[in-house]
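Source: prediction; values computed, not measured.
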Amino acid sequence: MSELKLFRLDADGRDVELRGSTVALEVELQRRIEAGMEAMLGIRFLASEYPTGPWHRGRIDSLGLDENGTPALIEYEKGADSGVLSQAVSYLSWLDSARHEFEALVKEKLGSKAAESIDWRNPRMVCIAASFSHHDRVAVKRLRERVDLVRYRVFDGGLLSLLLVESASGSPSPTPARRQSRHREVAAGVGVGSVQAPPGAAPACLQDLYAELDEALTAWGEVEMAQLRHYIAYRRMVNVASVIFRPKHEAILVYLKVDPDTVELEEGFSRDMRGIGHLGTGDLEVRIASAADLEKAGPLIRRAFEAA
């Protein structure tokens, strides 16, 4: 099992391990994560304790929309997991039957554009608990749904740690034709030109270069690759890098979560994307058209993953 250890320098200059604890009340954990959900989990907060109606007879702890436009359900358990996984899975049946209701909520909270670009193929479940059993972690791998198991700890000084201990990417379901056309319209409206080759199938002219890029992006420990509609996301708890193929230009665009103000931008190679519409997530665009570009991008990729 992944283990996170935190240390603090004492007055003698020695590292002393901080002992983590759990919260006294589950609602304490829930409120704290809801307040910082986008930074912590890459999810935009929509609602708390959302009722699922008389048929499903439940309340979803937190409801959100993640950075890739995917519906997200978050369930908490202040101690060891005692059914939070099965509860979260059961709420997916409600979500599947309440798409119009969810779209209305997104429109109310985040606007029409966000509501129109919801990706329904692979809803995300995030289960947050003090610990998970071996059986929980094995069961996640057998599910068709996308699930993140996240372990939390609270430390002195108000420190909160979140550790992704297991993640299943799920099996995306086909998107109805009506929604596919809607997504094409939304994508066409973004100021990046037409959508290029679909993710997961690198065009022949970029296959060798992408293989090297993929190796560079997955060399940083536990990194999940998610093949989305218009781009490939490389993520831990949140997206760290997004990849888009541009076969006409024989180039690959990589969007990194790196502050452009900390980078010496180079025309034709790196670009500040703040305020510019683009597919994928990340404020720094890096254009890779050769092995030399990939080598030059190495330090930027390292920075993005070290900060994640």
Tell me the closest heavy-atom pair linking [X] and [Y], and the distance in Å.
X: Phe45; Y: Ala47; result: CE1-O, 3.3 Å
X: Tyr152; Y: Glu77; result: CE2-O, 3.7 Å
X: Val150; Y: Phe132; result: O-CE1, 3.3 Å
X: Ala114; Y: Arg44; result: CB-NH1, 4.5 Å
X: Val254; Y: Leu213; result: CG2-CD2, 3.7 Å
X: Leu105; Y: Tyr50; result: CD2-CE1, 3.9 Å

Crowding at [atom1], [X] (>12 non-hydrogen neighbours, <6.0 Å):
X: Glu101; atom1: CD; answer: yes
X: Asp208; atom1: CG; answer: no
X: Glu215; atom1: CD; answer: no

Using the salt bridge (Lys or Arg N to Asp or Glu O under 4.0 Å) criterion, which residues pair with Glu75? Sequence neighbours excluded. none
Partner residues of Ser290 under the side chain to side chain contact (heavy atoms under 4.5 Å, CB included) criterion, sequence neighbours left out: Ala292, Asp293
Among Ile118, Asp96, Leu95, find the residue that satisfies the side chain to side chain contact (heavy atoms under 4.5 Å, CB included) test when tested with Pro123. Leu95
Side chain to side chain contact (heavy atoms under 4.5 Å, CB included) partner of Val126, chosen from Asp148, Leu73, Leu164: Asp148
Please determine, by modelled atom types, if Asn239 and Asn68 share a side-chain donor-acceptor pair under 3.5 angstrom. yes
Judged by modelled atom types alone, do Thr281 and Tyr231 share a side-chain donor-acceptor pair under 3.5 Å? no
Dump the intermediate steps for side chain to side chain donor-acceptor pair (under 3.5 Å) on Gln30 and Glu26, then the final yes or no. CA-CA 6 Å; Gln30 180 176 346; Glu26 187 176 304; over 6 Å; no
May I ask you to decide whether Glu224 forms a salt bridge with Arg235, counting only side-chain N to carboxylate O separations under 4.0 Å? yes
Do NZ/NE/NH1/NH2 and the carboxylate oxygens of Arg303 and Asp259 come within less than 4.0 Å? no
Ring geometry between His278 and Tyr255 (parallel below 30°, tilted from 30 to 60°, perpendicular above 60°): parallel
Which of parallel (below 30°), tilted (30 to 60°) and perpendicular (above 60°) describes Phe245 and Tyr210? perpendicular
